[in-house]
Amino acid sequence: MKHFLILCSFFLAGESFAQLGCTDPQALNYDEIATTNDGSCNYGLTEYALSEITLLPDELMESSGVEVIASGLWTHNDGGGEDRVYRIDSMTGEILQSVVIATADNIDWEDTAEDEDHLYVGDFGNNPGNRTNLRIYKTNKSDLSANFVNAELIEFSYSDQVDFSENINNNDFDCEAFIFYNDSLHLFTKNWVDNQTKHYVLPATAGTHTAEYVESFNVAGLITGADISENGEIVLIGYTEIGVNFMWLLFDFQDSFFFSGNKRRISLGTGLTNSQTEGITFKGDGLGYVCSEEFKVNDQLIFPQKLLSFSINQWIDNTTSISILDDSYKVLAYPNPFNAYIEVELSKSVDKWRL
């Protein structure tokens, strides 16, 4: 016979009990009796070094977005570059394929996203804050084997923007990051004024739409890329105006309120080692790639464009030991009802007994 103290929600006699708090054991304020995450977790300084894979070729000096799809690793250049996406070798950075999006115009391409069948290219860079032609190009992945592809056009405006006066690098309606999640596109702004990011959602269908404001979060910097893993963890990458690179890891959130769960800031060093971090993508199993663009001062190259790699497994792998019992065990739980603690008694029974 074994006795256990269970610090979890338990359902007895049709009643359920939940304890709000921080449920991440890695947090400074981890609450071992909490059963429902309330987004209150606090973390100490977390430092992590991206691993450099290779320098990117000169044709990709302003690599701004990156995406892993079945056919390989894809990227594109920032505004002013050609209307192309490029498939590159994930070890050498060599360009393996170049595909023109024939119906597109690279005004300010900033990030990519994907669903099962489509690649999305975000033309929503808005440094002056006055753009009225924000758009996303939606292409079929199956068409990327050709040299030219067409794209559907998703046009949008922000639900809360009423001032379209020009304020270069001094507005909160620039955007360089988005993901696809739950049949919708989710955008994260690059707020030059308050160093926060705003989360908007809009349909992933062709047409003219309004990007609806959802929530804000103080990221203490400028967000330049985003992606979501197969397990639902979100990463936001960016830098501060003094060149410090960082990543926010968002997980265990409620529905599509991405800032309602755990929010962990990870310092990635500076442009001295990473260049200007611009895009991020998962490749699976908590691993992924980061692309960075060159950084120049007065036309003098300071930092070259790079392809780097990362892992989030050290921050999300909080697996506990679980024993699976067959139905020959007898389980008793008491007292009932209970407040925070419950005692569970397990015993091997000759006669099978079921709860």
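Because the structure is predicted, anything quoted here is derived from the model rather than measured.
Of the listed residues (Asn167, Ile168, Asn169), just one forms a side-chain contact (heavy atoms from CB on, under 4.5 Å) with Pro128, and that residue is Ile168. Each of Ile234, Ile228, Val235 was checked for a side-chain contact (heavy atoms from CB on, under 4.5 Å) with Phe282, and the lone residue meeting it is Val235.
Taking the salt bridge (Lys or Arg N to Asp or Glu O under 4.0 Å) definition, one finds that Lys138 meets it with nothing, sequence neighbours left out. In terms of the salt bridge (Lys or Arg N to Asp or Glu O under 4.0 Å) criterion, residue partners of Lys141 (sequence neighbours excluded) are, by chain and number, Glu114. Every residue was checked against the salt bridge (Lys or Arg N to Asp or Glu O under 4.0 Å) condition with Asp174, not counting sequence neighbours, and none meets it. With sequence neighbours excluded, the residues forming a side chain to side chain donor-acceptor pair (under 3.5 Å) with Lys190 are Glu176, Tyr239, listed by chain and number.
The backbone N or O of Val193 sits nowhere less than 3.5 Å from a side-chain atom of Asn191 that would complete a donor-acceptor pair. Between the His186 side chain and the Asn182 main chain, no donor and acceptor come within less than 3.5 Å of each other. Not a single donor-acceptor pair under 3.5 Å links the side chain of Asn140 to the backbone N or O of Ser142. No donor-acceptor pair under 3.5 Å is formed between the side chain of Ser309 and the backbone N or O of Gly288. A donor-acceptor distance shorter than 3.5 angstrom exists from the side chain of Thr46 to the backbone of Gly44, with no hydrogens or angles considered. The backbone N or O of Asn130 lies less than 3.5 Å from a partner atom in the side chain of Asn126, making a donor-acceptor pair. Although no hydrogens or angles enter the test, the distance criterion places no donor-acceptor pair under 3.5 Å between the side chain of Thr103 and the main chain of Asn150. Of the possible polar contacts, none joining the Asn37 side chain to the Phe253 backbone as a donor-acceptor pair under 3.5 Å is found. Using modelled atom types, no side-chain atom of Asp31 and backbone atom of Cys22 make a donor-acceptor pair closer than 3.5 Å. Looking at Asn171, its side chain does come within 3.5 Å of a backbone N or O of Asn127 through a donor-acceptor pair.
Surrounding CD1 of Ile242 are at most 12 heavy atoms belonging to other residues, nucleotides or ligands under 6.0 Å away. No more than 12 heavy-atom neighbours from other residues, nucleotides or ligands sit within 6.0 angstrom of CG on Asp285. Annotation for Phe164: atom CZ counts as buried by contact number, over 12 foreign heavy atoms lying within 6.0 Å.
Of all non-hydrogen atoms in Cys41 and Ala27, the two that sit nearest each other are CB-CB, 3.8 Å. The shortest non-hydrogen separation linking Leu307 to Asp89 is CD2-O, 4.4 Å. A pairwise comparison of heavy atoms in Trp109 and Glu82 identifies CZ3-O, 4.2 Å as the closest pair. Contact record, Asn218 with Asn195: OD1-O, 3.5 Å, taken as the closest heavy-atom pair. In plain terms, the two heavy atoms of Leu222 and Glu241 that are nearest each other are CD1-CG, 3.8 Å. Taking both residues in full, the closest heavy atoms of Val214 and Ser256 are given as CG1-O, 4.4 Å, listed atom of the first, atom of the second, then distance.
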Next item on the list: Show your reasoning for whether side-chain contact (heavy atoms from CB on, under 4.5 Å) applies to Trp248 and Lys263.
Entry: CA-CA 7 Å; Trp248 281 96; Lys263 301 170 285 290; 4.2 Å; yes

Please test Phe303 against Asn274 for side-chain contact (heavy atoms from CB on, under 4.5 Å), starting from the C-alpha separation and ending with a verdict.
CA-CA 8 Å; Phe303 308 126; Asn274 303 322; over 6 Å; no

Q. Taking it one step at a time, do Val85 and Val121 satisfy side-chain contact (heavy atoms from CB on, under 4.5 Å)?
A. CA-CA 9 Å; Val85 290; Val121 179; 4.1 Å; yes

key: Worked verdict on Leu249 versus Ile316 for side-chain contact (heavy atoms from CB on, under 4.5 Å)   = CA-CA 9 Å; Leu249 176 60; Ile316 61 171; 3.9 Å; yes

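Taking CG of Leu153 as the reference point, atom OG1 of Thr208 lies at 7.5 Å (rounded to 0.5 Å). To the nearest 0.5 angstrom, Leu272 atom CG is 9.5 Å from Ser275 atom OG. Atom CG of Leu50 is separated from atom CG of Leu308 by 5.5 Å, given to the nearest 0.5 angstrom. With rounding to the nearest 0.5 Å, the separation of CZ in Phe310 from CG in Leu287 is 8.0 Å. One finds the OG1 atom of Thr23 at 4.5 Å from the CG atom of Asp252 (value rounded to the nearest 0.5 Å). Ser98 contributes atom OG, which lies 9.5 Å from atom CD of Glu59 (distance to the nearest 0.5 angstrom).
Contact annotation: the side chain of Asp58 approaches that of Gln305 to within less than 4.5 Å [non-hydrogen atoms, C-beta and beyond]. A 4.5 Å side-chain heavy-atom check between Leu268 and Ile237 finds at least one atom pair inside the cut-off. Side-chain contact between Phe251 and Ile312 is absent, with no heavy-atom pair separated by less than 4.5 Å. Within the 4.5 Å cutoff, no side-chain heavy atoms of Ser216 are placed close to those of Phe259. At a threshold of 4.5 Å between non-hydrogen side-chain atoms, the residues Thr273 and Glu52 do not count as touching. Proximity of Trp315 to Tyr48: side-chain heavy atoms (C-beta onward) are separated by under 4.5 Å at one or more points. Taking 4.5 Å as the limit, some side-chain heavy atom of Val100 sits within range of a side-chain heavy atom of Phe148.
Looking at Ser40 and Asp38, their side chains do bring a donor and an acceptor atom within 3.5 Å of each other. Defined by atom type and a distance below 3.5 Å, a donor-acceptor pair is missing between the side-chain atoms of Ser229 and Asn231.
Between Phe258 and His199, the angle of the ring planes stays under 30°, which puts this pair in the parallel group of the 30/60° scheme.
Grouping Ile, Leu, Val, Met, Phe, Trp and Tyr by side-chain contacts under 4.5 Å, direct or through others, puts Phe124 with Tyr120, Leu134, Ile136, Ile154, Phe156, Tyr158, Phe173, Phe178, Phe180, Leu185, Leu187, Tyr200, Leu202, Tyr213.
In summary, Arg131 and Asp108 do not engage in a salt bridge, as defined by a charged side-chain N under 4.0 Å from a carboxylate O.
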May I have the list of side-chain donor-acceptor pairs in residues 62-73 shorter than 3.5 Å, sequence neighbours left out?
unit_1	atom_1	unit_2	atom_2	d
Ser63	OG	Thr75	OG1	2.7
Ser64	OG	Glu110	O	3.2
Ser64	OG	Glu110	OE1	2.9
Glu67	OE1	Thr112	OG1	3.1
Ser71	OG	Trp74	NE1	3.0

